[in-house]
Number of protein chains: 2
Amino acid sequence: MDITKKNSQNIKEILRDQISRQLLLPLQKIPSERELSELFSLTRISVKSALHSLEVEGLIYRENRRGWFVSPPRIEYNPLSRGHFHQMISDQQRVAKTLLLNVKSMVAPSAIATTLKLSKPTPIHIIERLRYIDGRAVLFVENCLISQYFPDILSEDLSQSLTELYAKKYGFRNSCSHFDFIPTSAPEHVIHALNMHPGQQVLKICRVNYNQHNNIIDCEFEYWRPDAVMVSINNRE
Amino acid sequence: MDITKKNSQNIKEILRDQISRQLLLPLQKIPSERELSELFSLTRISVKSALHSLEVEGLIYRENRRGWFVSPPRIEYNPLSRGHFHQMISDQQRVAKTLLLNVKSMVAPSAIATTLKLSKPTPIHIIERLRYIDGRAVLFVENCLISQYFPDILSEDLSQSLTELYAKKYGFRNSCSHFDFIPTSAPEHVIHALNMHPGQQVLKICRVNYNQHNNIIDCEFEYWRPDAVMVSINNRE
DNA sequence: TTCACTTACTGGACTAGTCCAACAAAAGAA
DNA sequence: TTCTTTTGTTGGACTAGTCCAGTAAGTGAA
């Protein structure tokens with residue numbers, strides 16, 4: 001009876017259209033799954049599947065049990081220009097905020113020890129921070145510092161740029177970094193902090209930093225909401 | 001009555017375990033959704049949702065209407081060491097194959113003209129290729145070459161490394177490249193070539209290449225199956 | 001004003017099915 | 001052998017619901 005074979009394509013097209021014509025604005029809430037299912041005469045499962053697919057595309061995002069929202073434009077993130085998160089965001093006419101979540105000191109667990117190429121048990125600090133763009137939590141960052149290189153760092157303001165702190169307080173310059181970009185799902189504590197749901201995708205970025213003496217001094221794990229970012233790199237050979 | 005609150009967590013854990021203990025091997029088929037739903041006493045919808053979540057994690061992948069399979073380990077892909085796809089794959093003890101899909105010549109459509117920073121209508125060649133690792137199609141590549149820089153290129157073997165061809169036949173060296181990495185969903189023709197399903201995630205990589213005279217000579221759009229790859233970059237400052 | 005409590009609403013998890021399109025392997029025909 | 005046809009199996013799309021857990025806003029007591 002229907003004109004279209006797949007009804008859920010309909011809802012996708014209409015939402016896509018409303019977003020591109022700015023009838024639905026960034027950060028704005030989309031009607032609830034139940035409302036949409038009535039509007040389009042579909043079950044919630046079909047609606048959910050359509051929304052899922054727009055989520056993968058990066059057009060909309062989900063907050064756990066709060067609803068679906070329109071994604072703002074992606075931030076262009078150049079990881080090679082290190083550290084100045086707030087600068088980068090304001091350069092793109094957006095508003096950044098950093099929240100210090102947690103600081104722990106411990107002996108490096110095996111996964112981190114491997115990343116830092118540690119051959120024996122070594123004390124580290126782990127600094128967990130949450131970063132917001134335009135009031136939306138989009139990035140969970142975990143910095144793992146080898147304690148011996150950073151005496152007394154925990155008494156500093158840790159919501160500022162760590163790279164700048166490294167330079168000012170310890171005279172470290174970043175001579176070399178190694179990056180891995182992995183599309184995967186986020187661990188539990190990250191899911192929670194970003195208000196996501198277990199099994200949702202994130203863009204995981206692991207970086208290992210070397211100082212001017214070519215020592216590994218720290219590593220960082222970034223977990224981005226995948227619709228919020230686009231990694232942009234310039235390479236001169 | 002059940003011990004666990006969420007039954008679908010069960011199936012996820014068991015599959016994860018079987019994969020990590022290599023009882024299920026890379027490229028091997030997972031039992032069908034119907035079989036799993038009987039085994040775990042769940043509906044197909046619940047099974048599908050659990051599989052989805054393992055897919056996002058990068059542990060398993062889907063071939064459209066063929067079934068679910070175990071993902072091989074991710075390839076480490078360093079886009080800064082340009083061009084030698086086959087080399088890179090065999091360095092990682094894997095088997096590469098390139099299939100030439102399609103070659104077209106046309107005036108650059110607006111999206112590509114923007115990427116190539118063209119100010120007036122310009123003829124280009126588009127070369128579409130499909131790349132396999134261990135027999136699995138994981139990467140769709142679309143090269144857009146500005147025709148004037150590459151006279152007579154269409155008579156060459158286009159399944160080889162284009163970078164090498166640029167160097168040998170035209171004396172071009174790659175002086176600079178610009179990359180964008182975007183987690184998003186793939187366009188229709190890519191979905192089809194990779195045997196995926198509309199709405200599935202890919203890692204899209206756009207690169208723009210400059211020759212030694214600092215002219216943009218071509219751009220490339222890569223679409224990776226997201227479980228197949230991990231982008232790895234080394235940066236020296 | 002402030003804080004605890006209730007309540008409506010949201011998405012998450014799930015059941016028990018149906019029908020369809022594409023794939024793949026087996027069976028037949030040339 | 002080689003090509004075509006059939007048939008079973010796969011995932012994709014969908015219906016029509018139920019129950020649950022966390023959010024947010026409004027209500028009322030201190």
Side-chain angles (χ1 to χ4, degrees), chain A residues 1-13 15 27-56 60-70 135-137 185 188 191-201, chain B residues 1-13 15 28-56 60-70 135-137 185 188 191-200:
Chain A
M1 293 300 144
D2 273 273
I3 304 162
T4 48
K5 282 178 194 168
K6 297 176 196 171
N7 284 314
S8 72
Q9 293 302 313
N10 232 325
I11 178 173
K12 280 171 65 178
E13 271 169 42
L15 284 176
L27 303 178
Q28 193 180 325
K29 194 172 176 310
I30 287 169
S32 76
E33 294 179 359
R34 276 170 248 257
E35 275 180 77
L36 289 173
S37 70
E38 275 207 31
L39 259 169
F40 291 88
S41 309
L42 288 167
T43 51
R44 258 184 74 209
I45 285 186
S46 308
V47 169
K48 199 188 279 276
S49 134
L51 293 175
H52 247 102
S53 140
L54 292 172
E55 181 189 33
V56 165
I60 63 177
Y61 67 96
R62 228 186 313 175
E63 301 245 347
N64 199 11
R65 285 173 211 273
R66 288 207 333 120
W68 294 87
F69 303 84
V70 177
R136 172 188 172 214
S185 57
E188 238 276 273
I191 286 294
H192 192 80
L194 289 174
N195 211 349
M196 297 174 79
H197 193 264
Q200 274 187 267
Q201 186 136 31
Chain B
M1 293 297 142
D2 271 273
I3 304 163
T4 50
K5 283 180 197 167
K6 298 177 196 171
N7 284 314
S8 72
Q9 293 302 312
N10 231 325
I11 180 175
K12 279 171 65 177
E13 271 169 41
L15 284 176
Q28 193 179 326
K29 194 171 175 310
I30 286 169
S32 75
E33 294 179 358
R34 276 169 248 258
E35 275 180 78
L36 289 174
S37 70
E38 276 206 28
L39 259 170
F40 290 88
S41 311
L42 288 168
T43 51
R44 258 184 75 209
I45 285 185
S46 309
V47 169
K48 198 187 280 278
S49 133
L51 293 174
H52 247 101
S53 137
L54 292 172
E55 181 189 35
V56 165
I60 64 176
Y61 66 96
R62 227 185 315 174
E63 301 247 346
N64 199 12
R65 285 174 210 272
R66 288 206 335 118
W68 294 86
F69 303 84
V70 178
R136 173 188 171 213
S185 57
E188 237 277 271
I191 286 294
H192 192 82
L194 289 175
N195 210 349
M196 295 174 82
H197 192 266
Q200 273 187 269

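Below, chains carry the letters A, B, ... as their sequence lines are ordered, and counting in each starts from 1. Please read all numbers here as calculations on a predicted model, not as lab measurements.
Note: B:Gln200 CD to B:His52 NE2 = 7.0 Å, rounded to the nearest 0.5 Å.
Applying the side-chain contact (heavy atoms from CB on, under 4.5 Å) criterion to A:Glu38, with sequence neighbours excluded, gives no partner residue. A:Arg44 pairs by the side-chain contact (heavy atoms from CB on, under 4.5 Å) definition with A:Glu33, A:Arg34, A:Ser37, A:Lys48, not counting sequence neighbours. For the side-chain hydrogen bond (donor to acceptor under 3.5 Å, both in side chains) test, no residue two or more places apart in sequence or in another chain qualifies with A:Ser32. For B:Ile60, the side-chain contact (heavy atoms from CB on, under 4.5 Å) partners are B:Ile19, B:Ile30, B:Leu51, B:Leu54, B:Glu55, B:Trp68, not counting sequence neighbours. For B:Ser49, there are no side-chain contact (heavy atoms from CB on, under 4.5 Å) partners, not counting sequence neighbours.
When the P atom of C:dG11 is taken as reference, atom CE of A:Met196 falls 16 Å away, rounded to whole Å. Note: CG (A:Asn195) to P (C:dG12) measures 11 Å, nearest angstrom. Between A:Phe40 atom CZ and D:dC14 atom P the separation is 13 Å, expressed in whole Å. One interatomic measurement links the two molecules: CD of B:Glu38 to P of C:dG17, which rounds to 12 Å at whole-angstrom precision. Across the protein-nucleic acid pair, B:Lys12 atom NZ and C:dC14 atom P stand 10 Å apart, rounded to whole Å. Whole-Å rounding puts the A:Ile45 CD1 to C:dA16 C1' distance at 11 Å.
Among the protein residues, A:Ser37 comes within range of no part of the nucleic acid, since none of its heavy atoms lies under 4.0 Å from any strand.
Remark: A:Thr43 is not in phosphate contact with D:dG17, judged by side-chain N or O atoms under 4.0 Å from OP1 or OP2. A close approach under 4.0 Å does not occur between any side-chain nitrogen or oxygen of B:Ser49 and OP1 or OP2 of C:dG12.
In this structure, A:Leu42 and B:Gln200 both approach DNA chain D, and ranking their closest nucleotides by distance from the 5' end singles out B:Gln200.
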For nucleotides 8-11 of chain D, list the nitrogen or oxygen atoms of the protein found under 3.5 Å from its nitrogen or oxygen atoms, one pair per line.
residue	atom	partner	partner atom	Å
D:dT10	OP1	B:Ser32	OG	3.3
D:dG11	OP2	B:Glu33	N	2.9
D:dG11	N7	B:Arg34	NH2	2.4
D:dG11	O6	B:Arg34	NH2	2.6
D:dG11	N2	B:Arg65	NH1	2.5

